[in-house]
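Let me begin by presenting the structure, written as structure tokens, before commenting on it.
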Amino acid sequence: MLYLTILMTERVGFVIICAFLLVNIPAFRRCLFAQTLTAKLQLVVIFSLFAIMANITGIEIDPANELHNKVLLTAVSHDYSVVNARILAVTTAGIVGGPWVGGSVGLIAGLHRAFQAGFASEAWFYIPSSTLIGLLSGYLYKDKNSSFTVMTPWRSFVVGLSMESIQMIFVFLFSPTGWLLVRYIAVPMILISSLGTSIFISIITMYLRQEEETRATQTHSVLKLTNQTLPYFRNGLNVKSAQQAVRIIKKYTNFDAISITDRNTILAHIGAGSDHHISGETMVTTLSDSVIQSGQVKVARNAEEIGCSHINCPLQAAIVVPLRVDDSVAGTLKMYYTDSWKLTPVEIQLATGLGEIFANQIALGNAEMQAKLVRDAEIKSLQAQVNPHFFFNAINTISAMMRRDSDEARQLLLQLSTYFRSNLIGARETQITLAQERQQVNAYLSLEMTRFPGKYDVQLHTTVSDDVLLPPFTIQVLVENALKHAFGERKIGNYVIIDVYQQKDRLIITVKDNGQGISPDLIKRLGQQAVPSKHGSGTALHNLNQRLIGLYDKKSGLHFTSSNQGTTVSISIPFTKKGGQVNESLNCG
């Protein structure tokens with residue numbers, strides 16, 4: 001039995017070495033959590049090769065339990081048995097890919113084992129046993145609270161032990177030598193195979209953790225990057241802002257070259273190819289022209305696809321992202337590598353996200369400059385500005401989240417982008433739809449509730465359609481005001497209820513909290529003048545009230561009622577829908 005244990009350890013060790021080499025391939029790691037059919041098929045092929053390799057490198061045992069250590073087992077006598085690491089490969093396939101992948105690999109592995117025995121009647125049980133083990137390993141290992149498997153080596157050891165034990169039961173029931181064979185091979189096969197499964201999963205887990213740490217570090221750098229580029233892009237897309245931005249982008253990313261263009265001209269370029277990608281000159285790549293014309297992100301994996309007119313251009317891979325401002329392409333963000341193998345989906349996702357944020361920053365800058373020229377600039381100031389305290393708090397929140405949950409951090413980045421985009425809409429429009437306002441409120445709440453988990457419970461109740469019109473930030477300002485001022489130091493049990501309904505020809509909006517209330521003296525001044533506090537300048541409610549009165553009438557201003565049990569802020573504005581329709585029939589008083 002000791003000799004058998006040593007031989008089994010050698011076989012399992014060979015499989016583990018192959019696993020170590022495999023996880024170094026980025027394409028395999030991308031398959032691990034991909035939910036596409038193509039990724040699942042790729043995992044089936046990869047782990048089926050592992051299982052077949054385990055069959056071929058197995059140890060042959062004759063009816064007298066004598067070992068025959070051959071180099072390769074292409075065929076096995078029908079009365080001989082084989083000790084191998086097949087179940088390790090099948091179990092790992094189920095753990096990594098789920099029941100569908102595990103069952104498919106088990107079926108293929110069982111068919112190959114039966115093929116080795118010439119499909120003799122004594123070998124048929126390997127087909128259902130391997131298939132069952134693949135299915136069970138996938139079902140037993142899947143975390144019910146997650147769409148992904150939680151790869152802990154200890155759990156994989158237990159699952160591996162269970163699956164190998166099931167295989168021993170099949171051998172005991174259906175093998176010609178039954179109990180004699182199981183008594184000889186069970187202990188080394190169960191222990192070594194389970195340990196091998198645990199090590200296999202540990203290797204995968206190690207690399208995935210490294211990638212998560214890399215992504216967390218990268219996202220943290222992106223947050224710093226976007227924070228530092230904001231002052232420049234808010235001055236518009238020009239040579240000065242672009243040159244400052246490319247230096248910052250190059251500092252915080254691993255790209256070999258960064259370029260920013262308008263529709264015709266290179267505004268700035270830093271890194272490889274700077275000798276012919278020159279600021280102020282016409283663009284020299286056909287790829288950039290294609291992105292400007294199509295408005296779509298383009299990826300090039302060789303020099304020919306980049307289409308640089310310079311013969312000796314060192315750039316071999318590129319991601320070109322359109323900078324869309326006001327529904328048109330104002331320019332491009334181009335990120336290059338001198339080696340095409342460096343370009344992975346992570347870099348493509350990074351470049352695409354940066355392009356969207358930069359475009360929003362540029363558009364925000366344009367909106368601010370335009371707002372200064374309009375007659376109602378004072379009223380528009382609330383719409384055109386991004387609260388710097390909120391922005392920096394959001395940056396810090398997302399940075400902290402990187403260390404705990406990088407996927408949640410990426411979602412918060414998208415919400416921050418939504419918040420920017422909503423500010424841009426508000427800077428241009430005097431009225432937006434309820435759906436757009438809800439999107440802005442949700443983006444704000446996602447970031448605030450991440451900062452203060454469990455502190456607030458905000459509910460929105462509406463009996464009107466999403467195309468009802470209201471001024472931008474109407475609900476968002478009231479909700480933000482409640483969260484900042486209503487509850488003091490209270491950590492739990494803080495409720496904000498938003499009601500939106502129609503009452504005759506008016507749209508009624510109420511925001512009610514269960515806070516500590518507002519003093520009568522303070523209520524008289526709210527909305528009529530700026531009321532500074534330790535949480536802000538106090539201009540938000542004043543600006544909102546002035547906008548409502550300026551857009552509609554005096555009846556549309558803010559109305560406050562308050563007691564020591566909470567505060568309700570009410571708004572009554574004319575009921576209109578997108579397209580100018582007025583709905584007289586709905587009465588939800």
Side-chain angles (χ1 to χ4, degrees), residues 1-19 46-93 102 105-134 137 160-200:
M1 186 178 292
L2 177 62
Y3 183 50
L4 176 60
T5 302
I6 294 172
L7 292 178
M8 269 294 295
T9 303
E10 290 179 352
R11 268 55 176 186
V12 171
F14 176 69
V15 173
I16 290 173
I17 291 173
C18 293
I46 291 170
F47 283 102
S48 294
L49 291 175
F50 269 95
I52 292 171
M53 179 179 65
N55 283 336
I56 294 174
T57 59
I59 306 157
E60 203 170 27
I61 302 178
D62 63 23
N65 285 344
E66 294 291 330
L67 301 179
H68 300 268
N69 189 16
K70 298 180 181 179
V71 177
L72 296 175
L73 288 179
T74 55
V76 179
S77 175
H78 69 89
D79 57 346
Y80 277 43
S81 300
V82 177
V83 176
N84 57 37
R86 179 184 72 257
I87 299 304
L88 184 157
V90 174
T91 301
T92 306
V105 172
L107 176 62
I108 295 170
L111 286 169
H112 182 263
R113 177 62 186 87
F115 170 77
Q116 284 181 301
F119 290 101
S121 59
E122 295 86 351
W124 70 267
F125 72 89
Y126 291 112
I127 300 173
S129 67
S130 297
T131 305
L132 176 63
I133 287 169
S137 61
L161 187 146
S162 303
M163 296 303 103
E164 195 68 58
S165 298
I166 291 174
Q167 180 62 32
M168 290 301 105
I169 294 173
F170 272 85
V171 172
F172 172 72
L173 294 175
F174 300 107
S175 174
T177 53
W179 169 245
L180 293 176
L181 178 61
V182 170
R183 185 175 61 181
Y184 182 63
I185 69 173
V187 173
M189 284 193 69
I190 290 174
L191 291 180
I192 300 301
S193 181
S194 302
L195 184 61
T197 302
S198 179
I199 295 173
F200 197 125

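- Ser81 and Leu181 get closest at one heavy-atom pair: OG-CD2, 3.1 Å.
- Nearest heavy-atom pair, Ser48 versus Ile108, reported as atom, atom and distance to 0.1 Å: OG-CD1, 3.2 Å.
- Within the structure, salt bridge (charged side-chain N to carboxylate O under 4.0 Å, His left out) pairs that include any residue of residues 170-180 do not occur (at least two apart or interchain).
- Nearest heavy atom pair, residue Ser194 against residue Gly160, reads OG-C, 3.3 Å.
- Legend: residues meeting side chain to side chain contact (heavy atoms under 4.5 Å, CB included) with Leu191, ordered by chain and number and at least two apart, are Val187.
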What's the verdict on side-chain contact (heavy atoms from CB on, under 4.5 Å) for Ile127 and Leu107, showing C-alpha distance, side-chain angles and the deciding distance?
CA-CA 6 Å; Ile127 300 173; Leu107 176 62; 3.7 Å; yes

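- Within the model, atoms CD of Glu66 and OH of Tyr184 stand 7.5 Å from one another, a figure rounded to the nearest 0.5 Å.
- Residues Phe47 and Ala89 approach most closely at CD2-O, 3.9 Å, considering heavy atoms.
- The stretch residues 47-64 participates, sequence neighbours left out, in these salt bridge (charged side-chain N to carboxylate O under 4.0 Å, His left out) pairs: Glu60-Lys70.
- Residues that satisfy the side chain to side chain donor-acceptor pair (under 3.5 Å) test with Ser193, not counting sequence neighbours, are Glu164.
- Across all their heavy atoms, Thr57 and Met53 have their closest contact at OG1-O, 2.8 Å.
- Ile169 contributes atom CD1, which lies 10.0 Å from atom CG of Leu132 (distance to the nearest 0.5 angstrom).
- Around atom CZ of Phe170, more than 12 heavy atoms belonging to other residues, nucleotides or ligands sit under 6.0 Å away.
- Residues forming a side chain to side chain donor-acceptor pair (under 3.5 Å) with Ser129 (at least two apart in sequence, or on another chain): Gln167.
- Contacts of Trp124 classified as ring pair (Phe, Tyr, Trp, His ring centres under 6.0 Å), with partners at least two apart in sequence or in another chain: Phe174.
- Between the OG1 atom in Thr92 and the CE atom in Met163 there is a gap of 11.5 Å [rounded to 0.5 Å].
- Applying the side chain to side chain donor-acceptor pair (under 3.5 Å) test to Gln116 and every residue at least two apart in sequence or in another chain returns nothing.
- A search for side chain to side chain contact (heavy atoms under 4.5 Å, CB included) contacts involving Ser130 returns Arg86, Ile87, not counting sequence neighbours.
- Relative ring orientation between Phe115 and Phe119 is described as perpendicular, the plane-to-plane angle rising above 60° on a 0-90° scale split at 30° and 60°.
- Applying the side chain to side chain contact (heavy atoms under 4.5 Å, CB included) test to Ser165 and every residue at least two apart in sequence or in another chain returns Leu161, Ile190.
- Put simply, CG on Asn55 and OH on Tyr126 are 9.5 Å apart, with the number rounded to the nearest 0.5 Å.
- Legend: residues meeting side chain to side chain contact (heavy atoms under 4.5 Å, CB included) with Ile192, ordered by chain and number and at least two apart, are Thr5, Met8, Thr9, Val12.
- For the atom pair Ile59 CD1 and Asn84 CG, the distance stands at 8.5 Å (nearest 0.5 Å).
- Rounded to the nearest 0.5 Å, atoms CG (Leu88) and CD1 (Ile199) are 9.0 Å apart.
- Scored by the side chain to side chain donor-acceptor pair (under 3.5 Å) test, Ser162 finds no partners at all (sequence neighbours excluded).
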